[in-house]
Amino acid sequence: MSEARLKAPRGTFDVLGADAAARARLESVARRLLEQAGYSRIETPCFEASELFERTVGEATDIVQKEMYTFRDGSGRSLTLRPEGTAPVCRAYVEHGMHKRPQPVKLWYLSSFFRYERSQKGRYRQFFQVGAEALGSDDPALDAESITLLWRLVRQVGGRDVRLRLSSLGSPTARRAYREQLKEHLRAHEEQLSEEVRSRIELNPLRAFDSEHEGTRSAMRGAPVLLDHISEQDVEHFEEVKGLLDAAGVPYEVDPTLVRGLDYYTRTVFELTSEALGAQSGVGGGGRYDGLVQQLGGQATPGVGWAAGVERILLAADMSAPSEPPLDAYICLQLDRAAEGVRDGAAAELRRRAFTLLQRARSAGIAVDMEMAGRSLKGQRAQAARRGASLIVTVSEQATTLRDVECGEEQCLDDGELLHELVRRSSRRGTE
RNA sequence: GUGGGCGUAGCUCAGCUGGUAGAGCUCCUGGUUGUGGUCCAGGCGGUCGUGGGUUCGAGUCCCAUCGCUCACCCCA
């Protein structure tokens with residue numbers, strides 16, 4: 001018998017109505033902001049060789065461990081729906097020899113990503129990210145520019161209660177050494193730690209810094225801090241970035257405990273959060289990834305970039321979506337004997353006339369629609385009103401009339417005159 | 001994977017201690033209104049998430065299951 005009705009899979013959603021309009025606005029703000037700064041659009045495939053993510057994101061991360069949508073195609077290749085955007089962009093940089101272009105190469109995207117997770121507010125299995133990547137230079141100005149763009153994007157769409165946190169991870173070696181040091185410190189104070197933190201010493205020692213637990217907090221006061229263990233050049237780089245952000249008037253907080261979820265980050269890392277979001281407070285984040293391109297088989301190429309969740313920006317921004325744009329005109333069909341169906345010759349003839357008019361009016365640049373749902377004349381007028389049309393054309397067997405709703409004028413015209421009148425009246429309105 | 005809350009019309013919801021399903025909005029039709037969003041009347045629309053159980057009788061009680069949602073974990 002009847003199956004259960006099909007629904008969008010868990011963690012996915014349809015975009016429509018006001019939500020679609022808000023997204024379109026966000027996209028146009030992002031495009032203007034990023035293209036003005038020299039970023040050009042890139043779209044990479046929805047899926048990539050699984051290896052791309054396994055190698056770059058980090059074997060031990062949750063993403064690779066349990067969140068990837070991985071499948072085999074007809075030839076047995078292992079493919080994965082992209083869980084993030086930086087590795088694919090770097091792959092494209094290498095694949096298209098972009099190191100031969102003038103550096104830095106700046107690219108931006110707005111695409112969907114996939115992670116198999118339990119969904120909740122601001123977290124979905126298919127989600128959208130807007131992101132920007134700048135490759136080919138380790139100039140701290142590029143870091144500062146990247147961060148500033150994320151900051152300005154979120155502010156421009158009306159992001160509320162946003163905070164920017166900033167830190168530096170140094171080199172991967174410094175980071176690894178630090179991690180061991182921290183684990184040692186935690187093990188030395190194990191009896192003070194909360195059970196949860198204790199069970200995560202190996203997996204995620206950095207998390208101990210976020211704990212609210214009394215004993216853990218006191219144990220962490222004496223803990224080593226990564227920022228104190230990075231190289232002199234990295235400190236200098238970080239100082240430059242901070243100075244440039246100060247100069248640009250971008251407010252930030254240095255947070256030495258800031259961690260990012262992906263393995264490839266080096267030096268600068270940052271995260272933008274909003275209190276308006278619920279549990280998933282991260283709106284966007286990113287950092288520098290100086291070893292990534294080389295890891296993918298390219299020349300040693302530094303890079304810096306970020307990604308921000310579209311759904312999260314929208315939650316933080318509370319964008320009042322513009323309503324559907326109104327129509328200039330609506331074409332109604334008036335049949336003498338309404339009882340006769342659409343197969344009736346007269347009705348078909350009427351429809352042909354109206355349809356021709358519709359197409360000619362659209363070619364002339366007028367936003368116009370016509371009745372295509374079999375409504376009564378009253379229903380058609382109501383529909384015209386709903387669509388915001390200020391001009392109503394009524395096509396009947398005897399005549400074609402144009403009524404200007406705003407001034408109440410009504411005139412009987414032939415089709416050529418009608419077109420002129422439509423253009424005249426709708427353009428006059430447009431320029432007012 | 002774990003825990004809390006919730007599943008009745010397209011949407012928002014009502015339905016008391018079990019008695020055989022309702023309202024508002026939307027949509028359509030007719031009337032009315034200066035041929036337009038008003039007002040009036042009518043209509044379309046639901047195997048009450050699904051499957052069992054208790055009962056003469058279940059939207060209501062019990063069990064299971066699925067879905068949605070929020071949170072943990074983690075992250076955008």
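What you are looking at is a predicted structure, and each value in this text was computed from that prediction instead of being measured. Below, chain A is the first sequence line, B the second, and so on; all start at residue 1.
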Contact class for [X] vs. all strands (heavy atom < 4.0 Å): base, sugar-phosphate, or nothing?
X: A:V310; value: nothing
X: A:F113; value: nothing
X: A:E410; value: base
X: A:G285; value: sugar-phosphate
X: A:R387; value: nothing
X: A:E117; value: base
X: A:Q383; value: nothing
X: A:K66; value: nothing

B:rG59 to B:rG19 separation - P atoms, rounded to the nearest Å: 10 Å
Map every base of RNA chain B to its dot-bracket character, where paired means a Watson-Crick or G-U wobble contact with both distances under 3.5 Å and | marks a partner outside the strand. (((((((..((((.....[..)))).(((((.......))))).....(((((..]....))))))))))))....
Give a yes/no answer on whether the side chain of [X] brings an N or O atom under 4.0 Å of OP1 or OP2 in [N].
X: A:R207; N: B:rC73; answer: yes
X: A:T61; N: B:rC74; answer: no
X: A:R10; N: B:rG67; answer: yes
X: A:R118; N: B:rG3; answer: no

Is there aromatic stacking of A:F127 on B:rA76 here, judged by a ring-centre distance under 5.5 Å and a plane angle under 30°? yes
Look at the side chain of A:R115 and decide which nucleotide, out of B:rA76, B:rC73, B:rG37, has an atom nearest to it. B:rA76
What orientation do A:Y69 and A:F114 show, parallel under 30°, tilted 30 to 60°, or perpendicular over 60°? perpendicular
Report all side-chain donor-acceptor pairs from residues 123-132 of chain A shorter than 3.5 Å, counting only partners two or more places apart or in another chain.
from: A:R123; atom 1: NE; to: A:R118; atom 2: O; distance (Å): 2.9
from: A:R123; atom 1: NH2; to: A:R118; atom 2: O; distance (Å): 2.6
from: A:R123; atom 1: NH2; to: A:Q120; atom 2: OE1; distance (Å): 3.4
from: A:R125; atom 1: NE; to: A:E117; atom 2: O; distance (Å): 2.7
from: A:R125; atom 1: NH2; to: A:E117; atom 2: O; distance (Å): 3.3
from: A:Q126; atom 1: OE1; to: A:S112; atom 2: OG; distance (Å): 3.3

